[in-house]
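The figures that follow rest on heavy atoms only: side chains count, while hydrogens, waters and symmetry mates do not. Numbers here simply count residues along the sequence, with the first being 1.
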Amino acid sequence: MERGQIFREFVQDSIELLDEIERQLLELEEYVDRSSTELPEIIGALFRSFHSVKGTSGFFDLALVVRTSHEAESLLDLFRSGSILIATDYIDALMECQEFLADFFHRLAEKPESLDRPELAEQSRAIGSRLSVMCSEVKELGSATMEASMVAPNDPEGSGATETAIMEAQTNSAPRFALFDSEETSVLPQQNQEIVDPKPSYSDTPATRTNSSKTIRIDTEKLDGLMELVGEFSIGVSLVDDAARRREEHQELFRIRMNQLKKTARHLQELSLSLRMVPLSQVFEKMKRLVRDLQRKTGKPFSLTVKGGDTEVDKTVVELLSEPLVHLMRNAVDHGLESPE
């Protein structure tokens, strides 16, 4: 394979992996205020995903991606090795990291020249600093928890009081980002700060982005079926050709074989068209991130229920559906839902 082809496949794989990271983070957010030891599968999957992004990016010398994903990996490694209370602030920081990396790879796929911008490096440093500070706080939190557990035997009120003290220590130690007042971290995107404007102005979100790659993942069962039909079609052509030479003597044989060939051709056409079909769940999975962003920005509590996500449509249609669905969602929340008040 040419190096260019390998690189294009790497970029496409990274985009899909970052989409999976987004899904994993949304799943992790459902367990806020739970201990990390209760969620080994989710945290382990997230750690491996960020590790894969970092490793393959290092092979192509993408230092910006390696540095940013390494900080996320470090935080998740602390989650794996200790009992940490999952806080919304941690999810926000990891989401910001995922969004930055996804944007980076989409730029790499569509407009590589747009990566030569100093603000990208600044944003990467800001995200890295934010995650690095979190790692330090989590380590300090682990030390405080260990000290509390060592004092537990002398606790006159029993283990219940000790557990309460540990929970309070974790809550009070959860990062509020008041430390980020330096010039380096002033480039944090506005959407990651607290917004109280009742009529927020929306920026582009990952849900508006559609994977417009020229490649498509195909189920091996479809390929096997296609190969089988191609074989049948080739045999059918030979049979019809043989019958055509004896058409006058064997009219009925020619008609039977021609009908078989038509049937095979129809199945071949249907299967070929199905290779471009992808499930609608690819669009609606991204709506989950949009729901999260809209809830945070508007303060309106709501949920999104999706049914029939396994319905398949042409890949081009899926790409065209994404943007109008985002606008419909935003309008529904802005104008179709009242505020809590």
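- Aromatic ring orientation, Phe47 versus His51: parallel (interplanar angle below 30°, classes split at 30° and 60°).
- Annotation: side-chain contact (heavy atoms from CB on, under 4.5 Å) contacts of Leu321 (sequence neighbours excluded): Leu280, Val317, Leu325.
- Ion pairing between a basic and an acidic side chain is recognised when a charged N comes within 4.0 Å of a carboxylate O; Asp293 and Arg289 show such pairing.
- No more than 12 heavy atoms of other residues, nucleotides or ligands lie within 6.0 Å of CD in Glu228, so this atom counts as exposed by the packing criterion.
- With respect to the salt-bridge test (charged N to carboxylate O, under 4.0 angstrom), the residues Glu319 and Lys315 qualify.
- Paired with Arg292 under the rule salt bridge (charged side-chain N to carboxylate O under 4.0 Å, His left out), one option of Glu29, Glu22, Glu99, Glu30 passes, and it is Glu29.
- With hydrophobic clusters built from ILVMFWY side chains whose heavy atoms lie under 4.5 angstrom apart, Val66 does not share a cluster with Leu17.
- At a threshold of 4.5 Å between non-hydrogen side-chain atoms, the residues Ser303 and Val291 do not count as touching.
- Electrostatic pairing of Asp92 and Arg296 counts as a salt bridge here, judged by a charged N lying under 4.0 Å from a carboxylate O.
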- request: Show your reasoning for whether ring-ring contact (aromatic ring centres under 6.0 Å, His included) applies to Phe59 and Phe7.
  value: CA-CA 10 Å; Phe59 177 77; Phe7 185 74; over 10 Å; no
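- Note on ring orientation: taking the six-membered ring where Trp is involved, the planes of Phe10 and Phe60 are parallel (angle under 30°, cut-offs 30° and 60°).
- Residues Ile84 and Phe79 are in side-chain contact: their nearest non-hydrogen atoms beyond the backbone lie under 4.5 Å apart.
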